[in-house]
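Labels below follow one simple rule: chain letters A, B, ... track the order of the sequence lines, proteins then strands, and each chain is numbered from 1.
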Number of protein chains: 2
Amino acid sequence: MDEAAALLSGAWTPHVLWYLSKQPRRFGELRKDIPGISARTLSARLRELLEKGVVTCTPLATSPPSAEYALTEIGHKIVPALTALVDAALKLRLGQAPAASRRSGQ
Amino acid sequence: MDEAAALLSGAWTPHVLWYLSKQPRRFGELRKDIPGISARTLSARLRELLEKGVVTCTPLATSPPSAEYALTEIGHKIVPALTALVDAALKLRLGQAPAASRRSGQ
DNA sequence: CAGTATCCGCGCGGATACTG
DNA sequence: CAGTATCCGCGCGGATACTG
């Protein structure tokens with residue numbers, strides 16, 4: 001369970017994996033995909049995911065150098081977890097108002 | 001996706017949900033289930049999950065007062081995500097050594 | 001037992017500036 | 001474009017002490 005939680009550690013990790021699950025993306029593309037993430041953080045998360053064997057990095061020999069990131073086979077195994085999470089979030093949003101009548105001050 | 005990630009925010013949240021998914025548990029039981037978590041943090045996470053409508057709290061009228069926490073219907077919807085995550089973690093552990101031969105200095 | 005209050009440290013992540 | 005280095009702030013979480 002610790003290892004499982006570690007897969008999504010970092011506030012932006014789920015976002016990074018989410019966009020990579022749709023298609024391989026370059027660094028700059030991910031920055032645009034994920035408004036608010038800084039280059040520093042994106043770089044840090046990607047390196048973590050590289051270390052874990054969840055994503056691959058393919059430097060492209062284009063004249064403006066670029067690099068393409070993609071999920072590995074193992075990385076794709078995390079996608080169902082993300083999908084289930086998003087699904088739960090949607091259900092939660094629907095169930096929220098009508099059901100509990102929680103008077104959360106905030 | 002932000003809301004989805006928020007469901008597991010906090011280092012201990014996945015653990016709390018994981019143990020509650022198995023059976024309803026009292027505060028002290030969760031503390032023992034999750035070695036290393038402090039009362040403060042467990043309390044904070046449980047209150048967050050209460051606010052989100054993911055868990056319920058049932059005070060028990062036992063002579064040493066106790067309270068039982070359980071997943072709500074919505075809370076149970078998060079369980080598949082946890083399962084998928086653990087599953088991916090297991091796959092990752094197996095795939096790690098034989099595959100990549102990453103020479104991570106660290 | 002079930003929490004809450006206070007204090008505090010550390011790590012995550014932003015901003016900025018810079019390199020290849 | 002694709003990063004990395006430095007600096008810094010904030011929030012999460014631990015330790016401790018305390019209440020009902």
Name of the residue among A/L7, A/V79, A/V54 meeting side-chain contact (heavy atoms from CB on, under 4.5 Å) with A/L17: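 For A/L17, the side-chain contact (heavy atoms from CB on, under 4.5 Å) check succeeds only for A/V54.
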What does D/dG9 pair with, Watson-Crick or G-U, if both distances are under 3.5 Å?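 Pairing partner: C/dC12.
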Using Watson-Crick or G-U wobble geometry with both distances below 3.5 Å, tell me the partner of D/dG20, or none.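 Looking at the geometry, D/dG20 pairs with C/dC1.
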Aromatic ring proximity A/H15/A/W12, centre distance under 6.0 Å: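 Yes; A/W12 has its ring centre under 6.0 Å from that of A/H15.
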Rounded distance in Å - [atom1] ([X]) to [atom2] ([N]):
{"X": "A/L50", "N": "D/dA2", "atom1": "CG", "atom2": "P", "result": "14 Å"}
{"X": "B/F27", "N": "D/dT19", "atom1": "CZ", "atom2": "P", "result": "18 Å"}
{"X": "B/L49", "N": "C/dG3", "atom1": "CG", "atom2": "P", "result": "13 Å"}
{"X": "B/R47", "N": "C/dG3", "atom1": "CZ", "atom2": "P", "result": "9 Å"}
{"X": "B/R40", "N": "D/dG14", "atom1": "CZ", "atom2": "C1'", "result": "8 Å"}
{"X": "B/I37", "N": "D/dA15", "atom1": "CD1", "atom2": "C1'", "result": "14 Å"}
{"X": "B/E68", "N": "C/dC1", "atom1": "CD", "atom2": "C1'", "result": "14 Å"}
{"X": "B/D33", "N": "C/dA2", "atom1": "CG", "atom2": "P", "result": "12 Å"}

Would you mind telling me which of [options] lies closest to the side-chain atoms of [X]?
{"X": "A/A39", "options": "D/dG3, D/dC1, D/dG13", "value": "D/dG3"}
{"X": "B/P64", "options": "D/dC1, C/dC1, D/dG14", "value": "C/dC1"}
{"X": "A/A67", "options": "C/dT4, D/dG3, C/dG14", "value": "D/dG3"}

Under 4.0 Å from OP1 or OP2 of [N]: is there any side-chain N or O of [X] that close?
{"X": "B/Y69", "N": "C/dG3", "answer": "yes"}
{"X": "A/S38", "N": "C/dG14", "answer": "yes"}
{"X": "A/S43", "N": "D/dT4", "answer": "yes"}
{"X": "B/W12", "N": "D/dG14", "answer": "yes"}

Determine whether the side chains of B/T41 and B/R45 contain a donor N or O and an acceptor N or O closer than 3.5 Å.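 No pair is found: no donor N or O on one side chain lies under 3.5 Å from an acceptor on the other.
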For the pair A/K52 (side chain) and A/A6 (backbone), establish whether a donor and an acceptor sit closer than 3.5 Å, ignoring hydrogens and angles.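 Side chain of A/K52 to backbone of A/A6: a pair is present.
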Taking A/E29 for the side chain and A/R26 for the main chain, is one N or O donor matched with an acceptor at less than 3.5 Å?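 Indeed, once roles are kept as given, a pair shorter than 3.5 Å links the two residues.
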If each of B/R31 and A/R45 is mapped to the nucleotide of DNA chain C with the nearest heavy atom, which maps nearer the 5' terminus, i.e. the 5' end?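 The answer here is B/R31.
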